Asks: 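Starting off with a structure, shown below.
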Amino acid sequence: MGREASAKPNYDILALITLDKTRIIGGKQLSLLAKDEEEQKTLTADIAKALKADVVQMKSGDYLVIRV
């Protein structure tokens, strides 16, 4: 069935890279506001490579850098 609400996720969100400043609301992850899509993609790739992490692009266009 569903996951327990108190269960710890098996991933860590390391960074959020967005073009929309209203989506930066806080948390422990690094949150960056890119000026355009090219900068957003470059920042995402560089951070993921440096942290040896994976990238997920959300339907909103934001990118998450995660460690599984």
Side-chain angles (χ1 to χ4, degrees):
M1 293 213 147
R3 251 190 236 187
E4 292 289 324
S6 62
K8 184 179 180 208
N10 57 351
Y11 60 88
D12 291 316
I13 299 174
L14 305 175
L16 164 72
I17 301 89
T18 184
L19 297 173
D20 184 352
K21 66 181 176 183
T22 63
R23 286 199 284 264
I24 299 177
I25 57 173
K28 69 178 188 175
Q29 79 283 343
L30 172 65
S31 297
L32 297 174
L33 179 63
K35 65 182 176 191
D36 56 36
E37 286 184 27
E38 183 178 332
E39 181 181 52
Q40 183 185 32
K41 289 177 184 179
T42 302
L43 286 169
T44 301
D46 289 348
I47 292 168
K49 183 176 178 181
L51 299 176
K52 297 179 181 165
D54 296 315
V55 173
V56 176
Q57 183 177 18
M58 299 174 23
K59 287 182 182 180
S60 66
D62 293 345
Y63 288 90
L64 294 177
V65 178
I66 63 170
R67 183 169 292 136
V68 181

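Just so you know, residue 1 is the first one in the sequence shown, and it goes up from there. Computed from a predicted structure; not experimentally measured.
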Asks: If hydrophobic residues (ILVMFWY) are linked whenever their side-chain heavy atoms come closer than 4.5 Å, directly or via other members, who joins Leu19 in its cluster?
Replies: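 Direct or chained contacts put Leu19 with none.
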Asks: Is there a donor in the side chain of Thr18 and an acceptor in the side chain of Asp20, or the other way round, less than 3.5 Å apart?
Replies: no
Asks: So, using side-chain hydrogen bond (donor to acceptor under 3.5 Å, both in side chains) as the criterion, who are the partners of Arg67 when residues are at least two apart?
Replies: none
Asks: Would you please name every residue forming a side-chain hydrogen bond (donor to acceptor under 3.5 Å, both in side chains) with Thr44, sequence neighbours left out?
Replies: none
Asks: Enumerate, atom names and distances included, each donor-acceptor pair closer than 3.5 Å involving a side-chain atom of residues 51-58, sequence neighbours excluded.
Replies:
| from | atom 1 | to | atom 2 | distance (Å) |
| --- | --- | --- | --- | --- |
| Gln57 | NE2 | Tyr63 | OH | 3.4 |

Asks: Atom CG in Leu16, atom CD1 in Ile24: separation rounded to 0.5 Å?
Replies: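 Here the interatomic distance stands at 6.5 Å.
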Asks: Supply the atom-to-atom distance Ile17 CD1 to Asp62 CG, rounded to the nearest 0.5 angstrom.
Replies: 9.0 Å
Asks: Please tabulate, for side-chain N and O atoms in residues 27-35, each donor-acceptor pair with protein atoms closer than 3.5 Å (sequence neighbours left out).
Replies:
| from | atom 1 | to | atom 2 | distance (Å) |
| --- | --- | --- | --- | --- |
| Gln29 | NE2 | Gly26 | O | 3.0 |
| Gln29 | NE2 | Ser31 | OG | 3.1 |

Asks: Indicate if Val68 and Leu64 have the same hydrophobic cluster label, given that clusters are the connected sets of ILVMFWY residues with side-chain heavy-atom separations under 4.5 angstrom.
Replies: yes
Asks: Please list all pairs passing the salt bridge (Lys or Arg N to Asp or Glu O under 4.0 Å) test where one or both residues lie in residues 37-49, with sequence neighbours left out.
Replies: none
